[in-house]
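Structure first, commentary second.
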Amino acid sequence: MVTSLHDWALTASEAIALQRKLAPRVILDDRLDDVRTIAGVDIGFEAAGEITRAAVVVLAWPSLECLEQHVHREPTRMPYVPGLLSFREVPAALSAFDMLQRRPELVMVDGQGIAHPRRLGVAAHLGLWLDLPTIGIAKSRLCGHYGEVPEARGEWTPLTHRGDTIGAVLRTRENVKPVFVSPGHRLGLPTAVDWVVRCLGRTKLPEPTRLADRLASRRGRVG
DNA sequence: GCGACAG
DNA sequence: ATCTTGTCGC
């Protein structure tokens, strides 16, 4: 079994085998403790991709006040391969988490949760490693099919793949493309959608992910 | 064999 | 993801 992230498989077939082995460990029952803080995670790149930049923020619930924000930078080791994103981003995300003074009760990640060909998107993978509830919020689809989403804020349609409901295509703002929400770890789809809606401000993305996104792409910090 | 393809 | 200015709309 893999004990260190730096021992992660480097070939595509090994990585896929590991995903198939880990996916069954993902828990979709709600096991959220009382939520007092919510973290947001996102990864950006510098120097034409040479440097990986992991950002993590922690917001208080329900005030959504930013309590912590950290950035971890390291040389990029893996290329982007659709379906294997977690191998590229999770190691850096974990290092950023090590900088936190608190352990959040919920984590929102930029990317898919179980809405993945092998049910192990970056949010699910990170949740497994952190042993914390995680939700994946992606700006576009990786796999699965869905119907047209009603225009009203908060409306959503199921995202299905090979007979499974793997996520929700959620309208977070009117006249704006919907986001793809999927459970990462330790919670189910209704709960995941619920938390995303509860963390919405006036923008398309929920606050945790929006702020982490800013930090990761160097567009500034939070007040 | 031919597309599709998170960030 | 990232490279990039102005511009349309609530």
Side-chain angles (χ1 to χ4, degrees), chain A residues 8 12-13 15-16 18-19 22-23 26 40-56 71-96 107-129 134-146 151-153 159-162 164 166-185 189 192 196 200-206 208-220:
Chain A
W8 269 359
S13 59
I16 289 171
L18 182 53
Q19 291 180 327
L22 294 176
V26 170
V41 189
D42 188 30
I43 276 66
F45 297 88
E46 302 175 10
E50 300 281 312
I51 300 297
T52 294
R53 181 184 169 97
V56 58
V71 171
H72 166 79
R73 301 165 73 252
E74 64 177 40
T76 302
R77 306 186 183 200
M78 301 276 289
Y80 166 68
V81 179
L84 301 181
L85 179 67
S86 62
F87 293 90
R88 172 174 162 90
E89 302 194 340
V90 168
L94 290 176
S95 292
V107 182
M108 305 207 342
V109 185
D110 190 357
Q112 312 290 351
I114 61 167
H116 176 280
R118 293 168 292 282
R119 308 294 182 262
L120 198 77
V122 60
H125 204 156
L126 184 61
L128 224 37
W129 243 256
T134 57
I135 298 173
I137 298 115
K139 293 180 288 296
S140 62
R141 180 196 72 99
L142 171 61
C143 68
H145 303 284
Y146 60 97
E151 283 298 331
R153 185 177 191 263
L159 177 64
T160 59
H161 180 64
R162 296 180 181 177
D164 298 329
I166 57 176
V169 188
L170 173 69
R171 185 78 67 181
T172 54
R173 281 197 67 181
E174 291 185 357
N175 305 312
V176 175
K177 302 277 280 183
V179 297
F180 298 75
V181 177
S182 58
H185 190 43
L189 182 57
V196 170
L200 284 178
R202 299 173 182 173
T203 52
K204 168 176 177 171
L205 297 174
T209 291
R210 185 181 72 82
L211 296 177
D213 209 287
R214 277 190 163 214
L215 247 193
S217 44
R218 300 173 283 162
R219 267 174 288 156

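Taking 4.5 Å as the limit, some side-chain heavy atom of A/Trp129 sits within range of a side-chain heavy atom of A/Leu22. Taking 4.5 Å as the limit, some side-chain heavy atom of A/Lys139 sits within range of a side-chain heavy atom of A/Leu205. Contact of the A/Val109 side chain with the A/Glu89 side chain is not registered, since no non-hydrogen atoms from C-beta on lie closer than 4.5 Å.
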Nucleotide by nucleotide, 5' to 3', does protein get under 4.0 Å of the base (B), only the sugar-phosphate (S), or neither (-) in nucleotides 4-10 of chain C, counting heavy atoms? -------

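Listed pair A/Arg141 / B/dC5 meets the phosphate criterion, a side-chain N or O lying under 4.0 Å from OP1 or OP2. Contact between the side-chain N/O atoms of A/Ser140 and the OP1/OP2 oxygens of B/dC5 is not found at any separation under 4.0 Å.
Within the 4.0 angstrom heavy-atom criterion, only backbone atoms of the sugar-phosphate kind lie near A/Gly44; the bases stay farther away. Residue A/Ile137 is out of contact with every strand shown, counting any heavy-atom pair closer than 4.0 Å. A/Gly83 comes within 4.0 angstrom of a nucleotide base, judged by non-hydrogen atoms across all strands.
Note: NZ (A/Lys139) to P (B/dA6) measures 11 Å, nearest angstrom. Atom CD in A/Glu50 sits roughly 13 Å away from atom C1' in C/dT2 (whole-Å rounding). Rounded to an integer number of Å, the gap from CD of A/Glu89 to P of C/dA1 is 9 Å.
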Show, in sequence, the C-alpha distance, side-chain angles and deciding distance for A/Leu128 and A/Val26, and conclude whether the side-chain contact (heavy atoms from CB on, under 4.5 Å) test is met. CA-CA 7 Å; A/Leu128 224 37; A/Val26 170; 4.1 Å; yes

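The backbone N or O of A/Leu215 sits less than 3.5 Å from a side-chain atom of A/Arg53, completing a donor-acceptor pair.
Ring stacking holds between A/Tyr80 and B/dG7, with the centres under 5.5 Å apart and the planes within 30 degrees of each other.
Considering CD1 of A/Ile114 and CG of A/Asp164, their distance stands at 7.5 Å, rounded to 0.5 Å.
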